[in-house]
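Read through the structure below, which is laid out as structure tokens, and then see the notes.
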Amino acid sequence: MSGLTVNNLGKSFGSNRVLEGISFEVAEGEFAILLGPSGCGKSTVLRLIAGLERQDTGEIFIGNQEITELTPRERDIAMVFQSYALYPHMNVFENMAFSLKMKKQPWQEIEEKVRNAAELLGIEELLRRKPKELSGGQRQRVALGRAIVRNPKIFLFDEPLSNLDAKLRSAMRIELAKLHKQLKTTMIYVTHDQIEAMTLGEKIIVMEHGTIQQVGTPEDIYQRPANVFVAGFIGSPQINLIKGRITEKNNEVFFETDGMSLTLNNNRLRTYIGQEITLGIRPEAITLGEGPIAGEIEL
Ligand code: ADP
Ligand code: MG
């Protein structure tokens, strides 16, 4: 069993409370995304899981085993960063073999693991090159290869594609999805990019200001956002958020705001009669027609 459970993680740096009550589960073999704006605490969550940082409260489990007190090395977790952090004086083969050598694995085994990972990533031709002789995309592949050879229980990715240009980024996204399919290992992937999250994730954990806002499938998050933050953060072009009030006239329910009155045929909104609400309308849900709203379309 190598699913992950984190329970009530909290963390401060000095007087700065950066994580509060972080709890979620990632099933064995699942691809989960931690999504949220820059500075919301995503990397700190990953660093706690990897054991690179110490939490103030909470526990972390892999399967049924608590790993909260284990050293990073004992956790059997591999992490891939945005900066590739390759050893510049070692060639690709040596970079990928390094952790296995440290574990004193037999040479033949090391060679086989490195070759297999290199094949999986399509970098067999690059094994003798030094990092400075590689493109950004190739370096990121080597960083991935270094994680793969360790055959970890869990992979953690911290915005691994952010340094790549847009075209390469979308190609690498597809490769990562394929890699997950082949390896079937539990993966947790941090990004602030909602498109990356929506295309890669089986489960998305949305964070803001050090707290979890919603956990769900991409469809849940898009169609049934838990709050205004999630609704506004996901979707491009953005959802329209309009403040107004629910009213009733002749047994019909309306959404009213300055100069606009919409008849609502959703009876669930009856419970909000007389209250101020925020109405969210996804752009693709709007069609042109003879309607109650007059306006001009700007392009
Ligand atoms: P994200 O990865 O979502 O951009 P981080 O987890 O890196 O966010 O950071 C969350 C908050 O914690 C930020 O306000 C950041 O400045 C702060 N922080 C992160 N690491 C440290 C640290 N080692 N010392 C002090 N503050 C930190
Ligand atoms: Mg970060």
Side-chain angles (χ1 to χ4, degrees), residues 16-24 32-45 159 162 166 169-170 173 189-299:
N16 185 14
R17 189 86 182 138
V18 299
L19 294 178
E20 184 76 59
I22 299 290
S23 300
F24 60 85
I33 308 278
L34 273 176
L35 173 69
S38 181
C40 73
K42 306 179 295 295
S43 293
T44 306
V45 172
E159 315 227 14
S162 309
R169 203 156 58 221
S170 65
R173 266 205 304 264
Y189 186 103
V190 158
T191 182
H192 64 274
D193 178 344
Q194 50 146 327
I195 297 177
E196 216 159 271
M198 298 296 273
T199 51
L200 274 176
E202 295 173 306
K203 172 183 281 174
I204 300 181
I205 300 154
V206 186
M207 288 182 62
E208 191 204 23
H209 292 322
T211 59
I212 291 180
Q213 302 293 312
Q214 187 169 3
V215 180
T217 63
E219 199 198 328
D220 286 334
I221 304 271
Y222 189 76
Q223 302 290 358
R224 292 172 290 280
N227 55 39
V228 172
F229 170 78
V230 176
F233 192 69
I234 309 281
S236 176
Q238 258 203 328
I239 196 168
N240 300 279
L241 295 170
I242 309 164
K243 286 199 171 138
R245 167 185 284 271
I246 301 290
T247 59
E248 185 190 26
K249 211 166 150 194
N250 300 332
N251 211 26
E252 276 199 292
V253 185
F254 300 89
F255 172 78
E256 286 196 65
T257 183
D258 289 346
M260 179 171 100
S261 176
L262 282 179
T263 316
L264 300 175
N265 50 18
N266 188 336
N267 265 318
R268 274 190 308 165
L269 292 168
R270 277 189 177 276
T271 48
Y272 293 94
I273 288 169
Q275 291 182 36
E276 303 282 335
I277 67 152
T278 300
L279 181 69
I281 310 174
R282 295 267 179 219
E284 71 272 18
I286 299 173
T287 49
L288 291 179
E290 304 270 315
I293 311 171
E296 258 175 50
I297 295 175
E298 279 180 29
L299 292 174

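Between the side chain of Glu20 and the backbone N or O of Gly210 there is no donor-acceptor pair closer than 3.5 Å.
Here Ile273 contributes atom CD1 and Ile246 contributes atom CD1; the two are 8.0 Å apart, rounded to the nearest 0.5 Å. With rounding to the nearest 0.5 Å, the separation of CG in Asp193 from OG1 in Thr199 is 7.5 Å. With values rounded to the nearest 0.5 angstrom, Tyr189 atom OH is found 8.0 Å from Glu159 atom CD. Taking OG1 of Thr247 as the reference point, atom CD of Glu252 lies at 10.5 Å (rounded to 0.5 Å). Interatomic distance, CD of Gln214 versus CD1 of Ile212, reported as 11.0 Å (0.5 Å rounding). Taking CD1 of Ile204 as the reference point, atom OG1 of Thr191 lies at 10.0 Å (rounded to 0.5 Å).
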Original post:
Between Ile221 and Leu35, does a side-chain contact (heavy atoms from CB on, under 4.5 Å) hold up when you go through it step by step?
Top reply: CA-CA 11 Å; Ile221 304 271; Leu35 173 69; 5.9 Å; no
Subject >> Steps toward side-chain contact (heavy atoms from CB on, under 4.5 Å) verdict (Arg173, Glu196) >> reply: CA-CA 7 Å; Arg173 266 205 304 264; Glu196 216 159 271; 3.5 Å; yes
**OP:** Walk me through it: do Glu248 and Arg270 pass the test side-chain contact (heavy atoms from CB on, under 4.5 Å)?
**Re:** CA-CA 8 Å; Glu248 185 190 26; Arg270 277 189 177 276; 3.1 Å; yes
Original post:
What do the steps show when you test Gln194 against Ile234 for side-chain contact (heavy atoms from CB on, under 4.5 Å), and what is the final call?
Top reply: CA-CA 6 Å; Gln194 50 146 327; Ile234 309 281; 4.1 Å; yes
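Scanning both residues, Ile281 and Ala285, for their nearest heavy atoms gives CG2-CB, 4.3 Å. Here the shortest heavy-atom pairing between Leu264 and Phe254 reads CD1-C, 4.0 Å. Shown here for Gln213 and Met207, the closest heavy-atom pair between the two residues is CG-C, 4.2 Å. Taking all atoms of both residues into account, the shortest heavy-atom contact from Phe229 to Pro37 is CZ-CD, 3.8 Å. Here the closest non-hydrogen pair linking Asn240 and Arg282 is ND2-C, 4.3 Å. The two atoms that bring Lys42 and Gly39 nearest to each other are NZ-N, 4.5 Å, heavy atoms only.
Applying the 6.0 Å contact sphere to CG of Asn16 captures more than 12 heavy atoms from other residues, nucleotides or ligands. By the neighbour-count criterion of 12 heavy atoms within 6.0 Å, atom CZ of Phe24 is densely surrounded, having more than that number from other residues, nucleotides or ligands.
Using a 4.5 Å cut-off on side-chain heavy atoms (C-beta onward), Leu262 and Leu279 make contact. Between Thr257 and Lys243, every side-chain heavy-atom pair lies at or beyond the 4.5 Å cut-off. Side-chain contact between Ile242 and Phe255 is present, with at least one heavy-atom pair separated by less than 4.5 Å.
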